[in-house]
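To keep things clear, I will list the structure first and then write my remarks on it.
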Amino acid sequence: MSEKDHQPTDFIRQVIEEDLKSGKHKEIVTRFPPEPNGYLHIGHAKSICLNFGIAQEFEGQCNLRFDDTNPAKEDVEYVDSIKEDVRWLGFDWGDNLYFASDYFEQLYTWAVDLIKEGKAYVDDQTAEEMSKGRGNLQTPGENSPFRDRSVEENLALFQEMRDGKFGDGEKVLRAKIDMAHPNMNMRDPVLYRITHIEHHRSGDKWCIYPMYDFTHGQSDALEGVTHSLCTLEFEHHRPLYEWFIDNIDVPSKPRQIEFAKLQLTYTMLGKRNMRFLVENDYVSGWDDPRMPTISGIRRRGYPSEAIRNFCHNVGVTKFKSTHDIGLLENEVRQVLNRDALRFMAVLDPLKVIVTNYPEEKVEEMDAVKNPEKPELGTRKVPFCRELYIERDDFMEDAPKKFFRLKPGGEVRFRCAYWLKCEEVIKDENGEITELHCTYDPDTRGGENPPDGRKVKGTIHWVSARHAVDAEVRVYDRLFKEENPDAAEGSFLDYLNPNSIEIKNAKLEPGLGEIEVGETVQFERLGYFCVDTDSSDDKKIVNRTVPLRDSWAKIAQKS
RNA sequence: AACCCCGUGGUGUAACGGUAGCACAACAGAUUUUGGUUCUGUUUGUCAAGGUUCGAAUCCUUGCGGGGUUGCCA
């Protein structure tokens, strides 16, 4: 039972341990390298937890590097949100904030070096011609007619590309590798393209921009990254990554290792599909609480600790697995059960009149703030003659297993009294409008009465006179289909029409003081978080996640 | 069918040639002033066939299945 046995071990950490043991590296350096072209989502959280987590465990360093080599898609707006999200997840890059665009000059110099060594050339072909010349998966490509230009001509042309002598797409710089290579990435990949677009950081200094492949490994090498962890789709870029590291005079030799990206049931993580939902108002924005973005999850009320625990449990492999979203929700409940303060709130109010309770009387009942943390003590909850209970907690023709309120039945009102339903009041449509009940003074605080009577159910309630009104947004998963990406037809066919339900709820008065962003438990209902849309006169609350509900299962069966 | 990667209960993940373990889910029970929490128990698995070995989830071969790759995106 050494400590080692409890360490999570995966194939990447094993490689790192070996590299440390063999003396290949003294210190581990990783990096999280987002392109600032969108918002981070739960899939990125896996990569963040992996890279920053490894740095922490091995007492190394993790850089935050923006892979900003394509100005057409990028913006500072995203840089800021990405930083905020990484910080919220609980990680710190210290001084190690980098931008690939800061390496443009160095990368250019290295490109010139390759040209001088006859390992790169300027190609005049159109994109279409190049594509054709590359061949396909079965057939080898053919050399470009420009492949054998002289070093001098290439040097001059590349300089002219930089100087802006050509329009977008007129020329590219390519590596001279092997047009018949079985790996398409090695068939003379493009190193630089011409793009006359202002870059969000380098402005109009450049009109040629390096490709991802020509940037990433060298950036890693410049920063002394030892292990460059990326997702599986870069697997067949690795030979190229290594080709650049081997053919360029870089200061260190990083190693690329690939792992499977995170996939979740009932969730769609594709950037362009998420963008579609945002731009076409299927959701309120990137931070809509139903979105799998970090900002959405945060607004929904998921604690970052739960995300970290989840990523830890998910593990790291090369197997393309899909995780059950329920596992994430379980982690959320686990953290919130431990931390969240308890309150009572009624989402779908039904009035209860306690007919034998004095009109003017108000009692302050004691209720535990959090049973998981008894040291926190209790809160006061006002009780009076008029109350609200959950409409669901009353049934006229109740099945045997229904332990809540029914005509002639008695239940415990949590922390208050035992109440017996004496009369059901209905309107002209037969809708139940209120319940007339009597209370037993011998059950104050919800205690068992001296006569030994038993009661099966305990329900929550709110004093009608003291309740705070609130809009509660009850969220459900965005998609009805387990895998909206892979299902037949458009993912839009699988949107859950009930992914948001608005309730005009009655809250326990103490809830008026809860601040935006704070997550609490509404007893018997779930965890709820005060939303950023709240104003001084209107409280808006998101349902983070419901409590486990074994009654719902029983009810469904019968 | 060119090359590459991957196959362990329902979903994931561990076991590194030596008792197939863990989490979630499901089911049953106990406790409970939340039908919550907690606790106990049960069910379900090594893709297949050969080979190596005293012994194979693990090594080898073949097959089967899934995924990826033909951007001047990352």
Side-chain angles (χ1 to χ4, degrees), chain A residues 8-11 14 33-35 37 67-70 72-74 100 123 125-127 130-132 134-141 168-174 181-185 187 189-195 208-209 211-213 215-216 230-239 258 260 265 271 313-331 333-334 337-338 342 344 367-368 371-372 401-404 412-416 418 443 445-448 455-460 482 521-526 546-555:
Chain A
T9 165
D10 55 66
F11 74 104
Q14 279 171 15
E35 183 188 18
N37 70 343
D67 237 332
D68 53 349
T69 58
N70 185 2
K73 291 187 172 179
E74 299 156 6
D123 197 332
Q125 290 183 107
T126 63
M130 268 183 57
S131 172
K132 205 177 264 177
R134 193 154 26 229
N136 60 36
L137 300 175
Q138 281 78 21
T139 57
D168 290 1
E170 273 184 48
K171 288 182 166 46
V172 292
L173 184 73
R174 299 177 78 176
H181 198 107
N183 181 339
M184 300 293 289
N185 288 122
R187 321 245 262 226
V190 171
L191 269 35
Y192 272 89
R193 76 284 215 180
I194 299 170
T195 308
I208 57 171
Y209 291 95
M211 301 291 289
Y212 163 85
D213 286 306
T215 307
H216 204 92
C230 62
T231 47
L232 247 29
E233 65 263 37
F234 293 103
E235 216 161 15
H236 30 270
H237 289 246
R238 190 179 349 120
E258 311 86 12
T265 54
K271 208 172 265 180
N313 288 347
V314 148
V316 185
T317 66
K318 298 188 81 159
F319 178 60
K320 286 189 90 174
S321 52
T322 301
H323 287 81
D324 191 337
I325 188 79
L327 186 58
L328 209 207
E329 292 168 350
N330 181 63
E331 296 297 337
R333 286 194 194 98
Q334 208 166 302
N337 176 56
R338 185 195 64 201
R342 312 291 138 114
M344 292 195 282
V368 175
E372 304 296 316
K401 285 188 175 168
F402 186 81
F403 301 150
R404 285 110 99 143
R412 174 187 290 119
F413 274 45
R414 176 131 232 242
C415 304
W418 288 23
T443 58
E447 302 282 342
N448 292 350
V455 93
K456 273 228 168 119
T458 299
I459 65 173
H460 61 276
E482 220 181 90
Q521 184 189 104
F522 289 176
E523 291 196 86
R524 302 210 304 130
L525 296 176
L547 248 32
R548 251 196 214 96
D549 187 355
S550 46
W551 163 244
K553 270 183 213 162
I554 298 166

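Each chain gets a letter, A, B and so on, in the order the sequences are listed, and its residues count up from 1.
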**OP:** Would you mind reading off the distance between A:Q138 atom CD and B:C4 atom C1', rounded to a whole angstrom?
**Re:** 14 Å
**OP:** For B:U52 versus B:C59, give the span between their C1' atoms, rounded off to a whole number of Å.
**Re:** 8 Å
Subject >> Pairwise P distance, B:A57 and B:G65 [rounded to whole Å] >> reply: 24 Å
Original post:
Where do A:M211 and A:V190 come nearest, in terms of heavy atoms and distance?
Top reply: CG-O, 3.2 Å
Original post:
B:A14 C1' sits how many Å from A:F11 CZ, rounded?
Top reply: 15 Å
Original post:
Nearest-Å distance, CZ (A:R414) to P (B:U32)?
Top reply: 14 Å
Original post:
Got a sec, which residues hit side chain to side chain donor-acceptor pair (under 3.5 Å) with A:D168, two or more places apart in sequence or on another chain?
Top reply: none
Original post:
If anything within 90° of 0 is syn and all else is anti, what is B:G9?
Top reply: anti
Original post:
When the distance from CD of A:E482 to P of B:G12 is rounded to whole Å, what number comes out?
Top reply: 9 Å
Subject >> Nucleotide B:G12, atom P - distance to CD1 of A:I325 in whole Å >> reply: 14 Å
Original post:
Rounded to the nearest 0.5 Å, how far apart are CD of A:E523 and CE of A:M344?
Top reply: 6.5 Å
Original post:
With a non-hydrogen cut-off below 4.0 angstrom, is A:R187 in contact with a base, only sugar-phosphate, or nothing?
Top reply: nothing
Original post:
Under 4.0 angstrom, heavy atoms only, what part of the nucleic acid is A:F402 near: base, sugar-phosphate, or nothing?
Top reply: base
Original post:
In Å and rounded to the nearest 0.5 Å, what is the CD to CZ distance from A:E372 to A:R342?
Top reply: 6.0 Å
Original post:
Atom OG1 in A:T9, atom CD in A:Q14: separation rounded to 0.5 Å?
Top reply: 4.0 Å
**OP:** Please work out which of the three classes, parallel, tilted or perpendicular, describes the rings of A:H216 and A:Y212, given edges at 30° and 60°.
**Re:** tilted
Subject >> Spacing of CE belonging to A:M130 relative to CZ belonging to A:R187, to within rounding of 0.5 Å >> reply: 12.5 Å
Subject >> P atoms of B:U53 and B:U58, separation to the nearest Å >> reply: 16 Å
Original post:
Distance between the C1' atoms of B:A48 and B:A56, in whole angstroms?
Top reply: 15 Å
**OP:** Return one dot-bracket line describing RNA chain B 5' to 3' (Watson-Crick or G-U wobble pairs, both distances under 3.5 Å; ( ) same strand, [ ] crossing, | another strand, . none).
**Re:** .((((((..((((....[..)))).(((((.......)))))....(((((..]....))))))))))).....
Original post:
Counting only side-chain N and O atoms of A:S321, is one of them less than 4.0 Å from OP1 or OP2 of B:U13?
Top reply: yes
Original post:
Heavy atoms under 4.0 Å, any strand shown: does A:V368 hit a base, just sugar-phosphate, or nothing?
Top reply: nothing
Subject >> Closest approach of A:D68 to A:A100 (non-hydrogen atoms, all atoms of both residues) >> reply: OD1-N, 3.3 Å
Subject >> Stacking of A:F403 on B:G35 base (centres under 5.5 Å, planes under 30°) >> reply: yes
**OP:** Pick the P atom in B:C39 and in B:C4, then give their distance to the nearest Å.
**Re:** 49 Å
Original post:
B:G66 C1' sits how many Å from A:F319 CZ, rounded?
Top reply: 8 Å
Subject >> Atom-pair distance (CZ on A:R238; P on B:C5), nearest Å >> reply: 8 Å
**OP:** For nucleotides 68-74 of chain B, just jot down a letter per nucleotide in 5' to 3' order: B, S or -, based on protein non-hydrogen atoms under 4.0 Å.
**Re:** SBBSBBB
Original post:
What nucleotide among B:G36, B:A14, B:G12 has an atom nearest to a side-chain atom of A:E372?
Top reply: B:G36
Original post:
Quick one: OG1 on A:T443 to CZ on A:R412, what's the gap to the nearest 0.5 Å?
Top reply: 9.0 Å
Original post:
P atom, B:G45 versus B:U11: distance in rounded Å?
Top reply: 12 Å
**OP:** Could you tell me whether A:E35 and A:K73 have a side-chain N and a carboxylate O separated by less than 4.0 Å?
**Re:** no
Subject >> Test side chain to side chain donor-acceptor pair (under 3.5 Å) applied to A:N313 - qualifying residues, sequence neighbours left out >> reply: A:E331
Subject >> Minimum heavy-atom distance A:R193-A:T69, with the two atoms named >> reply: NH1-O, 3.5 Å
Please list, one pair per line, the donor and acceptor atoms closer than 3.5 Å that link side chains of residues 317-327 of chain A to other protein atoms, with sequence neighbours excluded.
{"from": "A:T317", "atom 1": "OG1", "to": "A:F319", "atom 2": "N", "distance (Å)": "3.1"}
{"from": "A:K318", "atom 1": "NZ", "to": "A:E235", "atom 2": "OE2", "distance (Å)": "3.1"}
{"from": "A:D324", "atom 1": "OD1", "to": "A:G326", "atom 2": "N", "distance (Å)": "2.8"}

Subject >> Test item: side-chain donor near acceptor, A:D213 and A:H237, under 3.5 Å >> reply: yes
**OP:** Measure from the side-chain heavy atoms of A:E523 and tell me the nearest of B:U34, B:C6, B:A2.
**Re:** B:U34
Subject >> C1'-based separation of B:U37 from B:U32 [nearest Å] >> reply: 8 Å
Subject >> Whole-Å C1' distance, B:U31 and B:G67 >> reply: 48 Å
Subject >> Annotated protein contacts, base or backbone, on nucleotides 15-26 of chain B with a non-hydrogen cut-off under 4.0 Å, one of B, S, - each >> reply: SB-------SSS
Original post:
Nearest-Å distance, CD (A:Q521) to P (B:G36)?
Top reply: 11 Å
Original post:
Contact class for A:E258 (heavy atom, under 4.0 Å): base, sugar-phosphate, or nothing?
Top reply: nothing
